[in-house]
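Take a look at the structure set out below.
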Amino acid sequence: MRHSLLAPLAECQTRFAVHDYDLDATLTSGQAFRWEWSDGAWEGIVGDRWVQLAFSKDSIVAVASEKTSDWTWLADYLQVEISLHPILSSFPDDVPLRAATQACRGLRLLRQEPWECLASFILSSTKQIVQIRQIIHLLCERFGELVPVPLGYQPVYAFPSAHRLAQCSEADLRDCKMGFRAPYLKAAATMVDRLDVDLASLYDLPVDEARIALMAIPGVGPKIADCVLLFAYGFQSAFPVDVWVIKALRELYFRGRRVKIQRLQRFSKSHFGPFAGYAQQYLFHYMRLQKKITAKQ
DNA sequence: AACCAGGACACAA
DNA sequence: TTGTGTCATGGT
């Protein structure tokens, strides 16, 4: 009997009751880049722990590689406590947003670790999501710490610390296929490691101040700052404007006209309300789903 | 085989 | 302040 086929120990397993939770949409919507679908379940690394997630009706079953009594690290990451209804009902009742929320109902925002999120999005600029995943995979494999996995599984690695990446040469980083982003990542890692920016302190700041602090980091402009504010710190008014969101807003709200990004930012603030970041994520994922559908025809 | 990808930055006008 | 070229890589 192969170990990987054995049922996991009860001490390694838990179940979260959820409503309106689309795990697939959540893990494939370009917030996090390390989840892999394998044999009917999602496998990933949260912090320094391996975890497997299986979704069944109204519950998520999680399996860890080691005995676990406190699961708050995962409950927090997956945001299983929050309910979607107040968010969706806060949205303006317009056609585009209705279509987007229907197309991927149950899509959630994760709550990720700030350094991994920051570094990942520094690597994301003008890259397709598949390529971002490849870069991060190489980076973790080469510079991340080994993470315990169940018997029979391939070795996996934690996302490398800022301290570790600060020690890398630019050439080491370029070898991970990140191109011109290498000096940005190295500089960012150095700043974070030296506490020139204290990522842990940004939770307590007002959004605008946290945004300014993030944008002081090399390679971090408005868009990447907004991603980190939204996906790591939980500032749900943050509204990342990337090429997909530009397309969505132009086509769906501005009759295809060419609109400046700054104006789109102001529009999002006034139009989508306090959970604008959620609206953004629905529009983003919706546009990418649409493209997949039309590409198949 | 061109075109484009969850952008940021230095520089020009 | 706003517009343009550049950066590196590879998917579609």
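Any value given below was found using the heavy atoms of this structure, including those in side chains, with hydrogens, waters and symmetry copies removed. Note that the coordinates shown come from a computational prediction; the quantities given were computed from them, not determined experimentally. In what follows, chains carry the letters A, B, and so on, assigned in the order in which the sequence lines appear, proteins first and then strands, with residues in each chain numbered from 1.
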Inset, instruction - Let me know, please, whether A/Val130 or A/Ser125 comes out on the 5' side of the other along DNA chain C by nearest nucleotide. - result: A/Ser125
Hey, does [X] reach any base, or is it just sugar-phosphate, or nothing, if we go heavy atoms under 4.0 Å?
X	result
A/Gln281	base
A/Arg181	base
A/Phe231	base
A/Lys223	base
A/Val220	sugar-phosphate
A/Gly219	sugar-phosphate
A/Ser120	nothing
A/Thr126	base

Please report, rounded to the nearest Å, how far the [atom2] atom of [N] is from the [atom1] atom of [X].
X	N	atom1	atom2	result
A/Leu107	B/dG6	CG	C1'	14 Å
A/Asp242	B/dC4	CG	P	15 Å
A/Gln262	B/dG7	CD	C1'	16 Å
A/Ile129	B/dG7	CD1	P	9 Å
A/Met178	B/dA5	CE	C1'	17 Å
A/Trp244	B/dG6	CH2	P	7 Å
A/Arg288	B/dG6	CZ	C1'	8 Å
A/Ile135	C/dT9	CD1	P	10 Å

Inset, instruction - Identify which nucleotide among B/dG6, B/dA8, C/dC7 has an atom closest to any side-chain atom of A/Pro222, counting heavy atoms from C-beta outward. - result: B/dA8
Inset, instruction - Go through C/dA8, C/dT9, B/dC9 for me and flag the one nearest to the A/Arg174 side chain. - result: C/dA8
Inset, instruction - Ignoring backbone atoms, test whether A/Gln128 places a side-chain nitrogen or oxygen under 4.0 Å from the OP1 or OP2 oxygen of C/dT9. - result: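 It does not, given that no N or O in the side chain of A/Gln128 lies less than 4.0 Å from OP1 or OP2 of C/dT9.
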Inset, instruction - May I ask you to verify if any side-chain N or O of A/Gln134 is less than 4.0 angstrom from the OP1 or OP2 atom of C/dG11? - result: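 Answer yes for this pair, as a side-chain N or O of A/Gln134 is under 4.0 Å from OP1 or OP2.
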Do you see a donor-acceptor pair shorter than 3.5 Å between the side chains of [X] and [Y]?
X	Y	answer
A/Gln31	A/Ser29	yes
A/Thr26	A/Arg108	no
A/Asp172	A/Ser169	yes
A/Ser268	A/Gln280	no

Using the [atom1] atoms only, state how far [M] lies from [N], rounded to an integer number of Å.
N	M	atom1	answer
C/dG11	B/dA1	P	16 Å
B/dC3	C/dG5	P	15 Å
B/dC4	C/dT6	C1'	16 Å

Inset, instruction - May I ask you to decide whether A/Asp22 forms a salt bridge with A/Arg105, counting only side-chain N to carboxylate O separations under 4.0 Å? - result: no
Legend entry - Check: C/dT2 base within 3.5 Å donor-acceptor of A/Lys260 side chain: no
Legend entry - Donor/acceptor link under 3.5 angstrom from A/Gln131 side chain onto base of C/dG10: yes
Legend entry - A/Phe284-B/dG6 aromatic stacking (under 5.5 Å, under 30°):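 By the stated criterion, A/Phe284 and B/dG6 stack.
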Inset, instruction - Specify the closest pair of heavy atoms between A/Leu107 and A/Leu84, including all atoms of both residues, with the distance to one decimal. - result: O-CD1, 4.0 Å
Legend entry - Identified side chain to side chain contact (heavy atoms under 4.5 Å, CB included) partner of A/Leu230 from the options A/Val207, A/Leu110, A/Leu109: A/Leu109
Inset, instruction - Between A/Ile224 and A/Lys247, name the one whose nearest nucleotide on DNA chain B is closer to the 5' end. - result: A/Lys247
Inset, instruction - Report the residue (A/Met215 or A/Lys127) whose heavy-atom-nearest nucleotide on DNA chain B is the more 5′ of the two. - result: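 Taking each residue's closest nucleotide, the earlier one in sequence belongs to A/Lys127.
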